[in-house]
Amino acid sequence: MIEHLVNEIERCLKNDLQIAALTMALTLPDTCGKVYHPQSSVSNRYTSWYDDHVLAPKSELTGDTSKRFLVSGNVVYKLRCAMLHESNPTVVGTEENITHFSLIWRPASSCSRVPIEHCIELDENGAPQQQAISIDIVSLCQDICEAALLYYRKNKEHFSFNYRIISTSDRLANLFGYDNEINI
């Protein structure tokens, strides 16, 4: 199922359906986190899986030990909650005290990718006064998908997807007694 979701996310990105891709990608840490820390609360397993499998490897790869140009699992979890529950891309209420947040939408054909744009305005004492963060949708989706696929392939035996999604014609469905009517 993880591989199927990642394929759909990639198809969405190729067709500039970035919000659809983002909402699907934001569910992957939920699924992987359930395997990673099955007894933890949803927020804890989400953030710990994200921090350990997306943030830490990215930090090592970029050499950004301060994580200035990376985004934490806490921020991504807040984005996930806002997007999935309210269709509102915001990260209000994070411990990072982000005052301005935006998602960056660039066409799939764009070769200009800055995964995270981060700006902190300091007061006269050097303390953070305002913090702005912008996240490139495609980069975030790709980072999550790459980490989820890697984690899934290493831990496949711990995932249980005990349902089937099938595609069938109306005629075949009727033959087996399935009602394909949609009542709206």
Side-chain angles (χ1 to χ4, degrees), residues 1-13 15-59 64 66-106 113-120 128-152 155 158-161 163 165:
M1 187 64 173
I2 297 290
E3 291 165 331
H4 181 79
L5 287 173
V6 168
N7 287 335
E8 285 201 19
I9 292 165
E10 289 170 351
R11 280 194 297 264
C12 284
L13 291 173
N15 288 293
D16 283 330
L17 300 170
Q18 294 184 21
I19 299 301
L22 178 62
T23 54
M24 279 195 291
L26 290 172
T27 67
L28 293 174
D30 277 314
T31 307
C32 294
K34 178 71 174 167
V35 170
Y36 190 53
H37 289 300
Q39 304 305 319
S40 293
S41 68
V42 173
S43 62
N44 286 340
R45 64 184 182 222
Y46 191 103
T47 57
S48 66
W49 183 86
Y50 184 91
D51 287 345
D52 293 349
H53 294 89
V54 179
L55 182 64
K58 201 75 172 167
S59 174
D64 185 11
S66 68
K67 297 182 176 78
R68 269 187 349 182
F69 299 103
L70 302 172
V71 62
S72 73
N74 187 40
V75 171
V76 175
Y77 181 72
K78 290 289 185 180
L79 177 61
R80 166 241 187 238
C81 291
M83 286 294 295
L84 297 180
H85 299 294
E86 302 167 3
S87 300
N88 181 11
T90 187
V91 294
V92 174
T94 61
E95 59 197 36
E96 289 86 352
N97 294 322
I98 297 167
T99 53
H100 303 288
F101 176 76
S102 56
L103 291 172
I104 303 169
W105 185 97
R106 292 184 181 102
R113 293 258 173 258
V114 177
I116 307 293
E117 293 175 356
H118 198 175
C119 179
I120 299 174
Q129 186 175 8
Q130 292 191 52
Q131 184 169 196
I133 188 168
S134 299
I135 299 174
D136 181 85
I137 296 171
V138 173
S139 295
L140 180 61
C141 289
Q142 289 172 337
D143 288 349
I144 292 172
C145 287
E146 183 180 297
L149 270 178
L150 183 63
Y151 185 76
Y152 173 70
N155 299 282
H158 299 292
F159 285 79
S160 65
F161 299 110
Y163 58 87
I165 299 173

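For this chain, numbers begin at 1 and follow the sequence in order.
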_Smallest separation among heavy atoms of R45 and P38, with atom names_ = NH1-O, 3.8 Å
*Taking all non-hydrogen atoms of both residues, which atom of F101 and which atom of T90 are closest, and how far apart?*
CD2-CA, 3.9 Å
*CE of M83 to CG of N88: how many Å apart, nearest 0.5 Å?*
8.5 Å
*If you round to the nearest 0.5 Å, how far is CD of E8 from CD of E10?*
11.0 Å
*Mind checking the SG-CG spacing from C32 to D52? Nearest 0.5 Å is all I need.*
12.5 Å
*List in chain and number order the residues that pass side chain to side chain donor-acceptor pair (under 3.5 Å) with E146, two or more places apart in sequence or in another chain; answer none if no residue qualifies.*
none
Using atom types as modelled, flag every donor-acceptor pair under 3.5 Å from a side chain in residues 22-30 to any protein atom, sequence neighbours excluded.
| from | atom 1 | to | atom 2 | distance (Å) |
| --- | --- | --- | --- | --- |
| T23 | OG1 | I19 | O | 3.2 |
| T23 | OG1 | A20 | O | 3.0 |
| T27 | OG1 | M24 | O | 2.6 |
| D30 | OD1 | R80 | NH2 | 3.4 |
| D30 | OD2 | R80 | NE | 2.9 |
| D30 | OD2 | R80 | NH2 | 3.2 |

*From S48 OG over to L55 CG, what is the distance, rounded to the nearest 0.5 angstrom?*
12.0 Å
*Do any N or O atoms from the side chain of Q18 and from the backbone of D136 form a donor-acceptor pair under 3.5 angstrom?*
no
*Could you tell me whether the side chain of W49 reaches within less than 4.5 Å of the side chain of V54, counting heavy atoms only?*
yes
_Side-chain touch L140/L79, heavy atoms, less than 4.5 angstrom_ = yes
*How far apart are the closest heavy atoms of Y50 and V71, and which atoms are they?*
CE2-O, 3.2 Å
*Minimal non-hydrogen separation, C141 against I9, with atom names*: CB-CG2, 4.3 Å
*Give, for atom NZ of K34 and atom CD of Q39, the distance between the pair rounded to the nearest 0.5 Å.*
7.0 Å
*asked:* Contact between Y152 and F159 at the side-chain level, heavy atoms closer than 4.5 Å - yes or no?
replied: yes
*Which distance, rounded to the nearest 0.5 Å, do you find between the OG1 of T31 and the OH of Y46?*
9.5 Å
*If we only count heavy atoms from C-beta on, is the Y151 to I2 side-chain gap below 4.5 Å?*
no
